[in-house]
Amino acid sequence: DTGVSQDPRHKITKRGQNVTFRCDPISEHNRLYWYRQTLGQGPEFLTYFQNEAQLEKSRLLSDRFSAERPKGSFSTLEIQRTEQGDSAMYLCASSFMWGGEGTEAFFGQGTRLTVV
Amino acid sequence: GDSVTQMEGPVTLSEEAFLTINCTYTATGYPSLFWYVQYPGEGLQLLLKATKADDKGSNKGFEATYRKETTSFHLEKGSVQVSDSAVYFCALGADTGRRALTFGSGTRLQVQP
């Protein structure tokens, strides 16, 4: 396993366009997280999945954002009608949780979105 | 809600100097505490962690002790190297529920030869 992979690494889009990012977690991990990181800040939680179920969405995740994890494996994050304020690094992380125990989160290298 | 505060950077040190990056937190329950590092052009990597009070996490010469009484998790290294230049993030993970991480804003470390 090569770790958490994200695609694309960079995306430049015009304001108003839709974009979709993909995350492939570590294969045996049942939890998948999306974070957003803006320049000079730490990552901020957006949403997470336990297997295919999306269990929580942050207030940062506006109606223009949607995330899926259809088969409990890879996940997609779509942003509709992009705005300049959406420009950020979007990070995916995965972990394994069972009962009260689990692994730490492993992060992908992120997708850097620039909205022009 | 949960929050993490860490010292602002950049921190600039000469090689072999002693490093301290302060981190304090606010949380309910009994969170786990982490230090992640982000080298230039790379993703976040876990540096060390501690899961309960008085635990000491250590890795690659870095150490941090979980101090519940002062709600702190300061990162230390006795002798830094140029290769330690990176951004360091302190984070906490709730002990129940989603377990997503709450990060500090990061501290950039620059080590000069």
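Every chain is numbered from 1 and lettered A, B, ... according to where its sequence line falls, protein lines coming before strand lines. Quick caveat: nothing in here was measured; it's all calculated off a predicted structure.
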Q. Do B:V4 and B:Y88 share a hydrophobic cluster (ILVMFWY, side-chain heavy atoms under 4.5 Å, transitive)?
A. yes
Q. So which part of A:R9 gets closer than 4.5 Å to some heavy atom of chain B, the side chain, the backbone, both or neither?
A. side chain
(Q) To the nearest 0.5 Å, what is the distance between CD on A:Q41 and CZ on B:F103? (A) 13.0 Å
Q | Contact leader toward chain B among A:G108, A:G110, A:A105, where contacts are heavy-atom pairs under 4.5 Å | A | A:A105
Q: Could you look at A:Q37 and say if it's the side chain, the backbone, both or neither that has a heavy atom under 4.5 Å from chain B?
A: side chain
Q) Is it true that atom CZ of A:R15 has more than 12 heavy atoms of other residues, nucleotides or ligands lying nearer than 6.0 Å? A) no
Q.
Has A:Y35 got a side-chain atom pairing as donor or acceptor with B:L101's backbone, closer than 3.5 angstrom?
A. yes
Q. Same hydrophobic cluster for A:Y90 and A:F49, using side-chain heavy-atom links shorter than 4.5 Å among ILVMFWY?
A. yes
**Q.** Sequence-distant partners of B:F34, ring-ring contact (aromatic ring centres under 6.0 Å, His included), two or more places apart
**A.** none
Q.
Can you confirm whether more than 12 heavy atoms, excluding those of A:I12, are under 6.0 Å from its CD1 atom?
A. no
Q.
I'd like to check the ring-ring contact (aromatic ring centres under 6.0 Å, His included) partners of A:H29; sequence neighbours left out, ordered by chain and number.
A. A:F106
Q: Would you please go through residues 36-57 of chain B and name the residues with a non-hydrogen atom below 4.5 Å from one of chain A, in numerical order?
A: B:Y36, B:Q38, B:G41, B:E42, B:G43, B:L44, B:L46, B:K49
**Q.** ILVMFWY network linking A:V4 to A:W34, side-chain heavy atoms under 4.5 angstrom
**A.** no
(Q) Tell me the closest heavy-atom pair linking B:A100 and A:F45, and the distance in Å. (A) CB-CD1, 3.4 Å
Q) Do B:F89 and B:W35 belong to the same hydrophobic cluster, where Ile, Leu, Val, Met, Phe, Trp and Tyr are linked whenever their side-chain heavy atoms lie under 4.5 Å apart, directly or via other members? A) no
Q | Pairs where residues 7-19 of chain B contributes a residue and the test salt bridge (Lys or Arg N to Asp or Glu O under 4.0 Å) is met, not counting sequence neighbours | A | none
